[in-house]
Amino acid sequence: MRIVLGVTGGIAAYKSALLLRLMTEAGHRVDVVPTPAALNFVGRATWEALSGRPVRTETFEAVESVNHVRLGREADLVVVAPATADSLARAAAGLAPDLLGNVLLTATCPVLMVPAMHTEMWLHPATVANVATLRSRGVTVLDPDSGRLTGADTGPGRFPEPERIWAQAQQLVAASGSRASRPRAQSEAAPLTGRTVVVTAGGTREALDPVRYLGNRSSGKQGVAVAEAALAAGATVTFIGGAMSVEPPAGADVVRVESTQELHEAVLRHAPGADALVMAAAVADFRPAEYAEAKIKKAQDGTNPVIRLERTPDILADTVAARAAGEPMPGVIVGFGAETGDATTSVLKFGAAKLARKGCEMLVVNQVGRDKVFGQDTTEVTMLFADGREPVTAAGDKTDVGVAIVTELAGLLDRPARLDRMDR
Ligand code: CTP
């Protein structure tokens, strides 16, 4: 399931690192959302290293992915541990000065708050009233343990052992009958449950001057279909979309880009830590070598401007190279290859050469021509695999082909092709 672990500014924050461990070891995806004050106790690097995910505290960080509503809405469980007296007060008042406050206002899943504070604070009428308010709204607020506190004092206010918190959290989810508590049958039908997939789609636009660009005919349909199939298979999807004629998939974290440069940056930002990257975007291979700051005008003498092109970075190949250099890039990387074939070489031969050149696990090859593929609703593709397994062909609606691609992707994730290669 998708868990948000809110951490507020108390010394027990360090014990939440153990709680996080219990959650991730059970196979859950955990986004840690510390308050700024919590970072005084345990730093961002610790949370990122233990969760394997980016960590944000402020509402206005990574605004493009609309984190302030997305995290709460998508969560199956929110646990705030430790919850300070101040954070209980803010939650009771519905304040959202930081990302965690926003998560609490948007979450519709079970919410567990785990107070930890000095006894006087816990027994203060303000805290008592805040806890009562939160409970009356359906938030589960654990009673703290009694015992030794930070200083020499003892009494109620102690942070419970992480194992107890985790057990409570699981009971809460099971009792709520939420989607996360019905995973068994669902996970069989949802082979990408718990997986994170980054999908790029659409075409890039390379600016010539402030009003003109070089672009391509990509509609984005195939990438959207792959993203939708991955969502339906239970994955968390980050969709990086260039110029498209269709809407991005509902339910994905959507990042919009225009140029190859922006797409490159977005992939380098979102791919680390993901399980799979699907490069369905039609990336420009060339871009204008110079950008004219002012609109290029018609010359009086009748001469025509000459556009000099330069190569763009190969995003797919760069991601594969970064992985080889030890960066946490996805274990399964899928490329697309549009081929026409020629008099001597077949489409699939070109595809096999491209697969080897790119170094990815799978290449989806389609035959292109003037009336084929771009903008159409139907297509025919052949999926080629680096580990030598037999090619798989899929044809029909781009939606069906998206499902076929995701089926193969799930198969590769079960047994990463790189391991297959090492076995042989
Ligand atoms: N790709 C990329 N970065 C580029 C160009 C392409 O990541 N600068 C990705 C595409 O998203 C796609 C695959 O690489 O997954 C396509 O490879 P490419 O070599 O560009 O194939 P074609 O466009 O078919 O070009 P060519 O046959 O000329 O090599």
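Quick note: numbers below take in every heavy atom, side chains included, and nothing from hydrogens, waters or symmetry partners. The model shown is predicted, which means the values in this text are computed figures rather than measured ones. Both ligands and their constituent atoms are indexed starting at 1 by order of listing.
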Under the side chain to side chain contact (heavy atoms under 4.5 Å, CB included) rule, what do F159 and I165 come out as? Steps first, then yes or no, please.
-> CA-CA 9 Å; F159 190 71; I165 301 170; 3.4 Å; yes
Donor-acceptor pair, side chain of R44 and main chain of L39, under 3.5 angstrom | no
Just wondering, are more than 12 heavy atoms of other shown residues or ligands nearer than 6.0 Å to CD in E25?
-> yes
Would you check whether K358 reaches within less than 4.0 Å of ligand 1, judged by its heavy atoms?
-> yes
Could you tell me whether some N/O pair between V334 and ligand 1 is separated by less than 3.5 angstrom?
-> no
Looking only at protein heavy atoms, what sits closest to atom 27 (O) of ligand 1 is K354 NZ, 3.0 Å
Does the N or O separation between G337 and ligand 1 drop below 3.5 Å for any pair?
-> no
Which of the atoms in ligand 1, numbered in the order shown and given with their element, are less than 4.0 Å from a heavy-atom of A281?
-> 10 (C), 11 (O)
Work out whether the distance between some heavy atom of P313 and some atom of ligand 1 is less than 4.0 Å.
-> yes
Compare all side-chain heavy atoms of P391 with those of L384 and state whether any distance is below 4.5 angstrom.
-> yes
Taking N or O atoms only and a 3.5 Å limit, does F336 qualify as a polar contact for ligand 1?
-> yes
Answer yes or no for R357: is there a heavy-atom contact with ligand 1 below 4.0 Å?
-> yes
Measure the shortest side-chain to side-chain distance between D98 and R90 over non-hydrogen atoms and say whether it is less than 4.5 angstrom.
-> yes
Which atom of V33 lies closest to which atom of L100, heavy atoms considered = CG1-N, 3.6 Å
Check whether any N or O atom of D285, backbone or side chain, sits under 3.5 Å from an N or O atom of ligand 1, and answer yes or no.
-> yes
N/O separation below 3.5 Å, L316 to ligand 1 | yes
Atoms of ligand 1 close to T312 [distance to a heavy atom under 4.0 angstrom, numbered from 1] | 8 (N)
Heavy-atom side-chain proximity of Q261 to E206 below 4.5 angstrom | no
Polar atom proximity, V283 to ligand 1 (N or O, under 3.5 Å) | no
Atom OH of Y291: over 12 foreign heavy atoms under 6.0 Å = yes
Subset of ligand 1 atoms that lie under 4.0 Å from at least one heavy atom of G335 = 15 (O)
Heavy atom of A284 under 4.0 Å from ligand 1?
-> yes
Is any side-chain heavy atom of R56 closer than 4.5 Å to a side-chain heavy atom of L71?
-> no
Heavy atom of the protein closest to atom 3 (N) of ligand 1 (residue, atom name, distance) = I315 N, 3.0 Å
Using heavy atoms and a threshold below 4.0 Å, how should the contact between T200 and ligand 1 be classified: side chain, backbone, both, or neither?
-> neither
Kindly determine whether M279 and V267 satisfy side chain to side chain contact (heavy atoms under 4.5 Å, CB included), including the steps that lead there.
-> CA-CA 9 Å; M279 284 293 302; V267 169; 4.2 Å; yes
